[in-house]
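Scroll down for the structure; my scribbles are underneath it.
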Amino acid sequence: MNPKTLERVEFAVGDIVEQADLAAIVNAANAQLRIGGGVAGAIHSKGDPELENETRPLAPIRPGQAVLTSAPNLPNEHVIHCLGPRYGIDRPEAELLADCYRNALRIAAEHEIESVGFPALSTGAFGYPPEEAVHVAVDAVLEALDRSEYPKKVRFVLYDRQAYELYARALAEEG
């Protein structure tokens with residue numbers, strides 16, 4: 001791995017919809033790309049009704065897939081919507097979760113999006129244990145960044161200090 005790749009990854013505790021310095025944020029979407037709970041609820045509550053109008057023709061998506069829209073009523077330029085796997089239901093979970101990160105970053109690279117913010121995909125209502133998800137997420141992001149110059153920055157926007165430490169530790173183990 002290129003040592004510069006590690007420098008492109010950062011972590012923050014916060015709200016994904018408050019990342020005004022990022023060009024794109026990632027929505028932990030549902031298959032229909034509609035308002036839901038958690039991250040999808042937060043993003044849609046700020047972006048709707050325009051965001052729902054953009055996502056409607058793109059639905060449904062399958063676990064591991066990602067699609068791009070603009071970010072109406074949000075401080076970002078884009079939203080990348082990913083459908084993570086439901087733990088114990090969508091299999092193979094690790095591959096589908098890695099695909100979410102890979103596909104989101106592929107879209108970012110194709111559109112030369114400078115910076116992307118990820119929540120901890122699938123670790124909320126979809127039940128993926130954070131201790132397992134973190135390694136899948138960090139490995140997939142580092143692998144994708146090592147192959148492309150875009151995005152220049154990836155930020156994991158995490159819900160609490162415990163999640164932050166879990167992700168920071170996983171990155172340190174990779175370095």
Side-chain angles (χ1 to χ4, degrees), residues 4-30 32-59 61 65-84 97 100-126 130 133-134 137-138 140-142 144-146 148-172:
K4 295 271 187 204
T5 299
L6 291 171
E7 296 172 11
R8 295 165 58 192
V9 179
E10 62 186 42
F11 307 95
V13 174
D15 186 338
I16 195 82
V17 298
E18 301 298 327
Q19 307 301 307
D21 63 321
L22 297 177
I25 57 172
V26 175
N27 178 17
N30 54 58
Q32 296 303 318
L33 302 173
R34 299 204 179 217
I35 195 166
V39 172
I43 290 173
H44 273 277
S45 69
K46 292 212 182 233
D48 280 343
E50 294 91 345
L51 186 58
E52 186 174 342
N53 291 338
E54 284 192 45
T55 59
R56 191 175 301 123
L58 302 174
I61 62 172
Q65 286 188 311
V67 295
L68 179 70
T69 66
S70 72
N73 305 316
L74 292 158
N76 319 93
E77 297 170 46
H78 309 281
V79 177
I80 302 171
H81 308 266
C82 293
L83 178 57
L97 184 58
C100 283
Y101 289 97
R102 288 184 199 118
N103 288 329
L105 293 172
R106 177 188 47 76
I107 288 170
E110 287 171 359
H111 294 273
E112 297 185 352
I113 295 171
E114 294 276 333
S115 54
V116 176
F118 280 101
L121 294 170
S122 286
T123 61
F126 284 9
V134 64
V138 169
V141 166
L142 292 175
L145 291 178
D146 215 27
S148 178
E149 70 177 279
Y150 287 96
K152 305 276 187 202
K153 174 172 55 176
V154 169
R155 179 181 302 149
F156 285 95
V157 183
L158 304 159
Y159 44 87
D160 63 21
R161 189 76 191 162
Q162 185 177 355
Y164 175 98
E165 290 170 7
L166 189 65
Y167 278 73
R169 208 169 29 254
L171 183 67

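Because the structure is predicted, anything quoted here is derived from the model rather than measured. Just the heavy atoms: all of them, side chains too, but no hydrogens, waters or symmetry mates, feed the values below.
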*For residues Pro49 and Leu51, determine if any side-chain heavy atom of one lies less than 4.5 Å from a side-chain heavy atom of the other.*
no

*What residues form a side chain to side chain contact (heavy atoms under 4.5 Å, CB included) with Val141, not counting sequence neighbours?*
Val9, Tyr101, Leu105, Phe118, Leu145, Val154, Phe156

*Identify the heavy atoms of Val26 and Ile16 that sit nearest to each other, and give their distance.*
O-CG1, 4.2 Å

*What's the shortest heavy-atom distance between Ser115 and Leu22, and which atoms?*
OG-CA, 3.3 Å

_Shortest non-hydrogen contact from Leu68 toward His78_ = CD1-CB, 3.6 Å

*For residues 40-50, pull every pair meeting side-chain hydrogen bond (donor to acceptor under 3.5 Å, both in side chains), keeping only residues two or more places apart or in separate chains.*
Glu18-Lys46, His44-Asp48, Glu50-Asn73

*For Glu54, check side chain to side chain donor-acceptor pair (under 3.5 Å) against everything at least two apart and list the hits.*
Ser70

*Partners of Gln32 by side chain to side chain contact (heavy atoms under 4.5 Å, CB included), sequence neighbours excluded?*
Asn30, Arg34, Ala59, Pro60

_Let me confirm one number: the CG-CD1 distance from Asn76 to Ile25, rounded to the nearest 0.5 Å._
4.5 Å

_Taking every non-hydrogen atom, the tightest pair across Tyr167 and Ala120_ = OH-CB, 3.3 Å

*In chain order, what residues pass the salt bridge (charged side-chain N to carboxylate O under 4.0 Å, His left out) check against Arg169, with sequence neighbours excluded?*
none

*Which pair of non-hydrogen atoms, one from Ala108 and one from Val116, has the smallest distance, and what is that distance?*
CB-CG2, 3.8 Å

*Can you name the residues that form a side chain to side chain donor-acceptor pair (under 3.5 Å) with Thr5, not counting sequence neighbours?*
Asp146

*asked:* Taking Cys82's backbone N and O only, do any of them form a donor-acceptor pair with Asn103's side chain (distance below 3.5 Å, no angle check)?
replied: no

_Looking at every heavy atom in both Tyr150 and Glu114, which two are closest together, and how far apart are they?_
CE2-OE2, 3.3 Å

*Mind running side chain to side chain contact (heavy atoms under 4.5 Å, CB included) on Phe11 and Val157 for me, showing each step along the way?*
CA-CA 6 Å; Phe11 307 95; Val157 183; over 6 Å; no

_Is it the case that the side chains of Thr55 and His81 hold a donor-acceptor pair, with the cut-off being a distance below 3.5 Å and no angle test?_
no

*Taking only residues two or more places apart in sequence or in another chain, which ones pass side chain to side chain contact (heavy atoms under 4.5 Å, CB included) with Glu10?*
Lys153, Arg155

*Report, as yes or no, whether the 6.0 Å neighbourhood of atom CD on Glu165 holds more than 12 heavy atoms from other residues, nucleotides or ligands.*
yes

*Who passes side chain to side chain contact (heavy atoms under 4.5 Å, CB included) against Phe126, sequence neighbours left out?*
Leu83, Arg86, Ser122

*Using the test side chain to side chain donor-acceptor pair (under 3.5 Å), find all partners of Glu110 that sit at least two apart in sequence or belong to another chain.*
Arg106

*NZ-NZ distance between Lys152 and Lys4, expressed to the nearest 0.5 angstrom*: 12.0 Å

*Between CG on residue Leu166 and CG on residue Leu171, distance to nearest 0.5 Å*: 12.0 Å

*When you measure from the side chain of Asn27 to the backbone N and O of Ile80, does any donor-acceptor pair fall under 3.5 Å?*
no

*Mind checking the OG1-CD1 spacing from Thr69 to Ile43? Nearest 0.5 Å is all I need.*
9.0 Å

